[in-house]
> 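Okay, handing you the structure first.
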Amino acid sequence: AKPAVGPLYDYAMLYWTDHVQYDGVASSLGSMLNEFLDPTSERYFIWSRAASTNQPRMGHLNWLWARWALDHPFLWAALFGLQEPVRAMTSKDLTCCTIHSSQFDLNALHLSAAGGRFDMVKLLLDLKIPIDGVDRSKRSALHLASMEGWADIAGLLLIHGADVHARDDRKQTALHYAAEDGGTQTAEVLLDHGADIHACDEDNRTALHCACFWGSADTVRLLLERG
């Protein structure tokens, strides 16, 4: 028999041990996946469109974020940048923009920003989704775009008025996130929009501390030059 392949199989192989340690997760995840793989369901339609569309930013990272987008087709479509379903759903009911995932309270803007979907972020901003809405860890879309290194999306959010000084529940700004994971270009965009290079988190760490800890030499140089 031909072995199973595809992003869902890859995800299952990597993370099944994480899921089975929690009571009730297997059954709830199983029921969601049954609908998700039902060819007559809306979830299946959106997933099949995403899987069959040539999207250069649809890599392994997006499938990791996808576990938080299974709650609703609107969130799934936003994560994978599928504008047609998003336009169709919001044309009938704009309250789609208020939907959050059951885990971590992620909304469509959070997921599209994390997934690197520039055009989707722009569409959602045009639909007036709150730009500084936060998830359960008080992270904004700017935090998530900065964490994943999407400098263009960080810039778009900032142009539309995102708060560059917003802090998560650990008192970290988007610049801390960029210094840890997001790369030098993202950090530069944030600094160009007034990010406080000396801002400290709850452990009294600046972005420079984070960049040094994670070995981001180019970001360390940038912060030293701008500090």
Side-chain angles (χ1 to χ4, degrees), residues 46 50 53-69 74-87 90 96-101 104-168 172-196 199 207 210-211 214 216 218-219 222-223:
I46 292 174
T53 302
N54 180 21
Q55 300 184 68
R57 287 185 167 184
M58 194 171 82
H60 182 58
L61 172 65
N62 290 51
W63 294 105
L64 297 182
W65 280 105
R67 56 186 159 161
W68 313 130
F74 185 75
L75 298 179
W76 188 262
L79 173 63
F80 287 103
L82 301 175
Q83 295 191 44
E84 183 182 341
V86 166
R87 289 183 189 278
T90 53
C96 287
C97 292
T98 66
I99 293 170
H100 287 67
S101 65
F104 298 107
D105 284 336
L106 295 161
N107 65 21
L109 188 61
H110 295 137
L111 289 162
S112 58
R117 305 299 177 196
F118 183 92
D119 290 339
M120 178 57 66
V121 170
K122 189 175 186 303
L123 172 60
L124 292 170
L125 292 174
D126 289 343
L127 291 169
K128 309 301 182 185
I129 192 168
I131 196 168
D132 286 321
V134 297
D135 69 2
R136 194 164 298 168
S137 299
K138 298 191 180 303
R139 300 176 301 181
S140 67
L142 182 61
H143 280 102
L144 300 180
S146 300
M147 177 172 69
E148 303 299 0
W150 305 124
D152 55 347
I153 292 177
L156 177 65
L157 292 166
L158 290 163
I159 289 170
H160 279 77
D163 183 4
V164 75
H165 304 298
R167 293 174 181 264
D168 68 4
Q172 290 198 329
T173 66
L175 187 60
H176 285 94
Y177 279 65
E180 288 182 3
D181 300 299
T184 307
Q185 186 178 2
T186 309
E188 189 168 13
V189 168
L190 294 166
L191 290 168
D192 288 344
H193 284 83
D196 182 2
C210 296
W214 291 102
S216 306
D218 290 340
T219 305
L222 172 68
L223 294 171

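For this chain, numbers begin at 1 and follow the sequence in order.
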> How many angstroms lie between atom CG of L127 and atom SG of C97, to the nearest 0.5 angstrom?
5.0 Å
> Which residues pass the side chain to side chain contact (heavy atoms under 4.5 Å, CB included) test with A151, sequence neighbours left out?
Q185, T186, V189
> Is the closest side-chain heavy-atom distance between H176 and S146 below 4.5 Å?
no
> Minimum heavy-atom separation for D196 and L175, please, with both atom names.
O-CD2, 3.9 Å
> Side-chain contact, heavy-atom cut-off 4.5 Å: V164 with T173?
no
> For the atom pair CG (L142) and NE2 (H165), what is the distance rounded to the nearest 0.5 Å?
11.0 Å
> Output the distance between atom CD1 (I153) and atom NZ (K122), rounded to the nearest 0.5 Å.
13.0 Å
> If we ignore hydrogens and angles and just use 3.5 Å, is the side chain of W214 paired with the main-chain N or O of A179 as donor and acceptor?
no
> For the CG atom of L124 and the CD atom of Q83, what is their distance to the nearest 0.5 Å?
9.0 Å
> Hey, are the side chains of L106 and L75 touching, using non-hydrogen atoms and a 4.5 Å cut-off?
no
> I'd like to check V134 versus R139 (side-chain heavy atoms, cut-off strictly below 4.5 Å). Are they in contact?
no
> Considering all heavy atoms of both residues, which atom of S216 and which atom of E180 are nearest to each other, and what is their separation?
OG-O, 4.4 Å
> Measure across H160 and L125 and return the closest heavy-atom pair with its distance rounded to 0.1 Å.
CG-CD1, 3.7 Å
> Mind checking whether L156 and D152 have side chains closer than 4.5 Å, heavy atoms only?
no
> Is any side-chain heavy atom of R117 closer than 4.5 Å to a side-chain heavy atom of L79?
no
> Which value, rounded to the nearest 0.5 Å, describes the distance between D105 atom CG and I99 atom CD1?
13.0 Å
> At what distance, to the nearest 0.5 angstrom, does CG of L82 lie from OG of S112?
11.5 Å
> Please tell me if the side chains of R136 and H100 come closer than 4.5 Å, counting only heavy atoms from C-beta onward.
no
> Keeping to residues at least two apart or across chains, list the ring-ring contact (aromatic ring centres under 6.0 Å, His included) pairs with something in residues 124-144.
H143-Y177
